[in-house]
Amino acid sequence: MFLVFAVCAFGLNAGSEIRTERRVTLSSLDDKELARAASSVMLVRSEVAIGRNGDARIVSDAGSGILVTPCHVMTARHVLGQESSALAPVTRAFTVSVFRPNERAPMRSASEDQTATLVVSGSDRGMRRSELLNDWAFMELEAPVTDRAPLLPFAGNCCSPKKSRIALAGFPVDLYDPEAPAIWIDPDCRVTERLANRILGTDCAATSGNSGGPLLISTSSGWRLGAILTRAPGPGEANPGSGQEKFAIPIDAFLKRRIGLLQESCSRRLESAAAG
């Protein structure tokens with residue numbers, strides 16, 4: 001489920017058939033309301049420094065994330081990688097890419113990279129529920145993003161299988177171009193099942209790299225955050241539009257409370273900055 005850049009560039013199976021007919025880029029999406037919601041999606045990268053001096057630095061893992069407050073991004077915990085190693089001291093540095101699409105020239109869309117700090121995740125003491133429901137994390141951005149609205153959580157419970165229209169946004173590995181990264185959206189998919197452990201199954205076209213990206217729910221007041229993707233096929237494993245299992249964690253009352261606390265924290269930060 002990791003988007004590993006070496007794999008992105010060289011690891012795809014040239015013989016596999018990829019169905020991309022439903023997926024479109026943010027800049028070519030006709031639904032402007034959905035485009036505004038999907039603009040909250042960020043590229044999240046985890047950089048690992050191995051060695052006592054921390055001077056051997058490589059990009060290791062990446063995936064998708066969601067702006068949930070102007071100051072915070074939510075992603076899948078596994079996108080951030082492991083924080084310890086039995087072989088050598090390991091530290092992680094996190095980078096979030098904020099995309100600003102150029103509608104007239106999509107290939108020239110700009111991005112701004114900034115560092116982020118891990119605030120809380122499903123592995124922290126007091127935050128653990130079950131292993132499958134622990135795959136979430138929140139990061140705080142170095143600089144707030146104020147040129148777009150954060151993605152608001154869906155007010156109800158996500159989601160009724162095969163009834164609610166949803167969309168998936170992120171950076172799927174099979175469509176990732178390191179020279180011109182783009183947000184890709186499957187604008188019309190469904191939740192296919194709700195498992196006994198509350199994990200959701202979906203038929204959205206997704207591959208690794210979509211991990212941590214949002215399942216968006218269409219409501220009368222706009223698109224809302226219903227769940228985050230936690231599992232999808234890796235490159236060359238299967239057709240992203242096939243029935244292979246793709247799972248998501250619902251944004252339930254537990255996670256809504258976490259987002260609410262972060263909203264309060266961000267408001268205080270913005271007020272303090274405005275006051276000088």
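Considering only residues two or more places apart in sequence or on other chains, R190 meets the side chain to side chain donor-acceptor pair (under 3.5 Å) condition with D188. Every residue was checked against the side chain to side chain donor-acceptor pair (under 3.5 Å) condition with T192, not counting sequence neighbours, and none meets it. Considering only residues two or more places apart in sequence or on other chains, S218 meets the side chain to side chain contact (heavy atoms under 4.5 Å, CB included) condition with W223. In this structure D31 satisfies the salt bridge (Lys or Arg N to Asp or Glu O under 4.0 Å) test with no other residue, sequence neighbours excluded. Applying the salt bridge (Lys or Arg N to Asp or Glu O under 4.0 Å) criterion to R36, with sequence neighbours excluded, gives E33. Residues satisfying the side chain to side chain donor-acceptor pair (under 3.5 Å) test with Q114, not counting sequence neighbours, are none. Taking C189 as the reference, C204 meet the disulfide (SG to SG under 2.5 Å) condition, with sequence neighbours excluded. S28 meets the side chain to side chain donor-acceptor pair (under 3.5 Å) test with T25; sequence neighbours excluded. For the side chain to side chain contact (heavy atoms under 4.5 Å, CB included) test, residues two or more places apart in sequence or in another chain that qualify with P153 are I251, K256, I259.
Taking both residues in full, the closest heavy atoms of A206 and L229 are given as CB-CD2, 3.9 Å, listed atom of the first, atom of the second, then distance. For the pair T75 and S211, the tightest heavy-atom approach, listed with the atom from each and the gap, is OG1-O, 4.5 Å. Between A38 and L26, the shortest heavy-atom distance links the atoms CB-CD1, 3.8 Å. For the residue pair P172 and N210, the shortest heavy atom distance occurs at CB-OD1, 3.2 Å. The nearest pair of heavy atoms linking G122 to R77 is N-CD, 4.1 Å.
Evaluation of the disulfide bond (SG atoms under 2.5 Å apart) test over residues 246-276, restricted to residues two or more places apart or in two chains, returns C71-C266.
Hydrophobic clustering, with ILVMFWY side chains joined whenever heavy atoms are under 4.5 angstrom apart, keeps L261 apart from L151. Cluster annotation: L270 is not connected to V96 through the hydrophobic network of ILVMFWY side chains, with a link wherever side-chain heavy atoms come within less than 4.5 Å. Under the 4.5 Å side-chain heavy-atom criterion for grouping Ile, Leu, Val, Met, Phe, Trp and Tyr, F171 is connected to V24 within one hydrophobic cluster.
Between D174 and R23 a salt bridge is recorded (basic side-chain N to carboxylate O distance below 4.0 Å).
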> Do T117 and F94 pass the side-chain contact (heavy atoms from CB on, under 4.5 Å) test, and can you show the C-alpha distance, the side-chain angles, and the key distance before you say yes or no?
Replying inline: CA-CA 7 Å; T117 304; F94 307 122; over 6 Å; no
Q.
Evaluate V44 against S64 for side-chain contact (heavy atoms from CB on, under 4.5 Å), listing each step before the verdict.
A. CA-CA 5 Å; V44 176; S64 304; over 6 Å; no
Evaluate the side-chain contact (heavy atoms from CB on, under 4.5 Å) criterion for residues V73 and I66: first the C-alpha distance (whole Å), next the side-chain angles of each, then the deciding distance (0.1 Å), finally the verdict.
CA-CA 5 Å; V73 169; I66 311 145; 5.6 Å; no
Determine, step by step, whether W136 and I228 satisfy the side-chain contact (heavy atoms from CB on, under 4.5 Å) criterion, reporting the C-alpha distance in whole Å, the side-chain angles of both residues, the deciding distance to 0.1 Å, and the verdict.
CA-CA 8 Å; W136 57 269; I228 65 167; 4.3 Å; yes
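In this structure, S221 OG and F154 CZ are separated by 9.0 Å, a value rounded to the nearest 0.5 Å. Distance check, rounded to the nearest 0.5 Å: CZ of R224 to OG1 of T219 gives 5.0 Å. Between atom OG of residue S40 and atom CG of residue L152 there is a gap of 9.5 Å, rounded to the nearest 0.5 Å. For the atom pair T207 OG1 and L175 CG, the distance stands at 7.0 Å (nearest 0.5 Å). How far OG of S39 is from CD1 of I183: 7.0 Å, rounded to the nearest 0.5 Å. The OG1 atom of T230 sits 10.0 Å away from atom CZ of F247, with the distance rounded to the nearest 0.5 Å.
For the pair S46 and V79, the minimum side-chain heavy-atom distance is 4.5 Å or more. Residues C159 and P250 fail the side-chain proximity criterion, which asks for heavy atoms closer than 4.5 Å. Between I166 and L216, every side-chain heavy-atom pair lies at or beyond the 4.5 Å cut-off. Residues L34 and L29 are in side-chain contact: their nearest non-hydrogen atoms beyond the backbone lie under 4.5 Å apart. Within the 4.5 Å cutoff, the side chain of R198 has heavy atoms near those of the D252 side chain. With contacts defined as side-chain heavy-atom distances shorter than 4.5 Å, the pair P214/L225 qualifies. Contact annotation: the side chain of V98 approaches that of R148 to within less than 4.5 Å [non-hydrogen atoms, C-beta and beyond].
Judged by distance alone, with hydrogens and angles left aside, the side-chain atoms of R194 form no donor-acceptor pair with the main-chain N or O of V191 at under 3.5 Å. Distance alone, capped at 3.5 Å, is enough to place a donor-acceptor pair between the R165 side chain and the P187 backbone. Panel note: side chain D186, backbone A205; a donor-acceptor pair is recorded below 3.5 Å.
Results of the side-chain contact (heavy atoms from CB on, under 4.5 Å) test with I249 over N134, L215, L133 single out L133 as the only residue that passes.
Annotation: cation-pi pair R257/F254 absent, no NZ/CZ under 6.0 Å from the ring centroid and within 45° of its normal.
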Give the table of side-chain donor-acceptor pairs shorter than 3.5 Å for residues 138-146, with sequence neighbours excluded, one pair per line with atom names and distance.
from	atom 1	to	atom 2	distance (Å)
E140	OE2	R269	NH1	2.9
E142	OE1	T115	OG1	3.3

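Side chains of S97 and D113: a donor-acceptor N/O pair is present below 3.5 angstrom, by distance only.
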